[in-house]
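All figures in this text were calculated on a predicted structure; none of them were measured in a lab. Atoms within a ligand are numbered from 1 in the order they appear, just like the ligands themselves.
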Amino acid sequence: MKLESLRGMLLLAVTTAAHAQTAAPHRWAIVLHGGAGVIERSSMTPEAEQGYRDGLRQAITAAGAVLDKGGSAADAVEAAIELLEDNPLFNAGRGAVFAADGTNQLDAAIMDGATLKAGAVADVQHTRHPIALARAVMDRSSNVMMIGPGADAFAAHVGLEQVPASFFFTERRWEALEKQLKAEGQPVPPRPAGAPPAPAHALSFLEQPDAHKFGTVGMVALDERGNIAAGTSTGGVTAKRWNRVGDSPILGAGTYASNQSCAVSATGTGEYFIRLTVARTICALVQYRGMPLQAAVDDVVQKQLGAIHGDGGVIAITPDGQMAWSFNTPGMFRAKLQQGGQPQIGIYRDEP
Ligand code: ASP
């Protein structure tokens, strides 16, 4: 057989195999995080640990149910993050940390890897689900980012639930604010209007201010059509001032998705993630250097982030189903799930 025709046959076989792969429905997959930081066994009661594990399991199971029914990656991301925003254990929505002036200033972003459409919001104070607002910016406006009272007004305009500021109040986040402001020698603002009176009794462990300031939530998903999406929602960092905004709503820093490479959601001290454009850098390593996903996330989190003394972690996924996480803190609340499998949930560094 002539070399040319052998080459032709080989090419045909390879193309057919590749086509068969893309034509088959994809096995959906999800990776979730609930924040990274100084999260150690010694500072966790079994009760608290169970609370976090239950919250992660509930969110990832809900996202899986959306994907099982043929929902899109963005639908799954939104569904899981809404649940975590309603869970007071996590620093997003209800349970968000307080800014120095005693307000909760919420940030969120979502991005669709198939279309590169995205929505982001910052300093939202009255919208119950900031991730739903980010989704509305993506799907129902011609913009990508909205901030402050204008963002809340858009939420009301498109019919998203509005709540009084006290809805987001939790005692342990308030105590964390008091502690931080006292340590900085700064005045403590009055308790927000509508907040419950200060408790006379000692707080239960789940209500106590935690040592780590993080708890941001994020999710990346791959749906059965082979599309990926990423979303992140946060209250930012305790005692933030001057309408500081972190990486979570900054596309390419804390959140990014492209079917050409990967989807990423980050958590940690946002300023470092913005400077390194962490999420987009990971995707660029995958896209232009052809790096496996785990190698790319480790390169950015373990080497590049560490080199500028940044702390935190990321979760990521690719359209071909690679799932990864990487963090340089003692712990990160995290979970993974693939179609037909069981959720894998982790908190501490030594867990798989
Ligand atoms: N990255 C978030 C921020 O800087 C905080 C966090 O992840 O805990 O706003």
Side-chain angles (χ1 to χ4, degrees), residues 31-39 52 55-56 81 84-85 87-100 103-111 120-125 130-131 134 145 147-148 151 168 170 172-173 176-177 180 209-220 230-256 264-282 297 300-301 305 308-316 325-334 347:
V31 194
L32 189 80
H33 73 77
V38 186
I39 308 164
Y52 283 106
L56 294 170
I81 292 184
L84 293 167
E85 286 175 340
N87 186 331
L89 288 179
F90 297 96
N91 173 19
R94 191 158 165 263
V97 299
F98 285 95
T103 60
N104 299 103
Q105 303 172 358
L106 312 171
D107 305 335
I110 192 163
M111 185 159 182
V121 292
D123 195 6
V124 166
Q125 298 193 23
I131 194 69
M145 191 164 199
I147 62 165
F168 300 110
T170 55
R172 74 170 187 150
R173 298 298 190 194
L177 174 68
Q180 171 101 13
D210 40 5
H212 64 94
K213 296 180 206 157
F214 306 134
T216 292
V217 304
M219 192 177 122
V220 292
T232 313
S233 182
T234 188
V237 294
T238 301
K240 61 186 181 181
R241 288 169 201 281
W242 319 122
N243 300 90
R244 173 266 187 198
V245 177
D247 59 315
S248 309
I250 308 294
L251 298 166
T255 309
Y256 192 76
V264 178
S265 169
T267 173
T269 307
E271 284 68 11
Y272 299 96
F273 287 73
I274 295 173
R275 288 183 218 160
L276 283 178
T277 55
V278 161
R280 179 61 196 147
T281 298
I282 289 168
V297 295
V300 174
V301 174
L305 189 64
I308 59 167
H309 308 293
D311 56 340
V314 302
I315 52 166
W325 52 49
S326 190
F327 51 99
N328 68 4
T329 47
M332 179 163 85
F333 298 113
R334 58 196 188 275
I347 298 180

Can a donor-acceptor pair be found, under 3.5 Å and without considering hydrogens, that links the side chain of D247 to the backbone of E271?
no
Any donor and acceptor pair, going by atom type alone, linking the side chain of N91 with main-chain N or O of G235 inside 3.5 Å?
yes
Could you name the option among I274, T267, D311 that has the heavy atom nearest to atom 7 (O) of ligand 1?
T267
Which ligand 1 atoms does G246 reach within 4.0 Å, using its non-hydrogen atoms?
4 (O), 9 (O)
Does G254 have a heavy atom less than 4.0 Å from any atom of ligand 1?
no
Only counting residues at least two apart or in another chain, list the ones meeting ring-ring contact (aromatic ring centres under 6.0 Å, His included) with Y256.
none
Taking N or O atoms only and a 3.5 Å limit, does G270 qualify as a polar contact for ligand 1?
yes
Return yes or no for this condition: an N or O of N91 is under 3.5 Å from an N or O of ligand 1.
no
Give the ring-plane orientation class for F90 versus F333, where under 30° counts as parallel, over 60° as perpendicular and anything between as tilted.
perpendicular
Determine whether the side chain, the backbone, both or neither of A36 has a heavy atom under 4.0 Å from any heavy atom of ligand 1.
neither
I want to confirm something. Looking only at heavy atoms, which of V237, T234, D247, V217 is nearest to atom 1 (N) of ligand 1?
D247
Kindly indicate whether the side chain of L251, heavy atoms from C-beta on, has any atom under 4.5 Å from the side chain of M145.
no
Using a 4.5 Å cut-off on heavy atoms from C-beta on, say whether the side chain of W325 contacts that of H33.
no
Below 4.0 angstrom from a heavy atom of S248, which ligand 1 atoms are there? Numbered from 1 as shown, please.
1 (N), 2 (C)
The salt bridge (Lys or Arg N to Asp or Glu O under 4.0 Å) partners of R94 (sequence neighbours excluded) come to none
So is R244 touching ligand 1 or not, going by heavy atoms under 4.0 Å?
yes
Indicate yes or no: does an N/O atom of G268 lie under 3.5 Å from an N/O atom of ligand 1?
yes
Give a yes/no on ligand 1: does G35 have at least one heavy atom closer than 4.0 angstrom to it?
no
Side chain T281, main chain L276, donor-acceptor under 3.5 Å:
yes
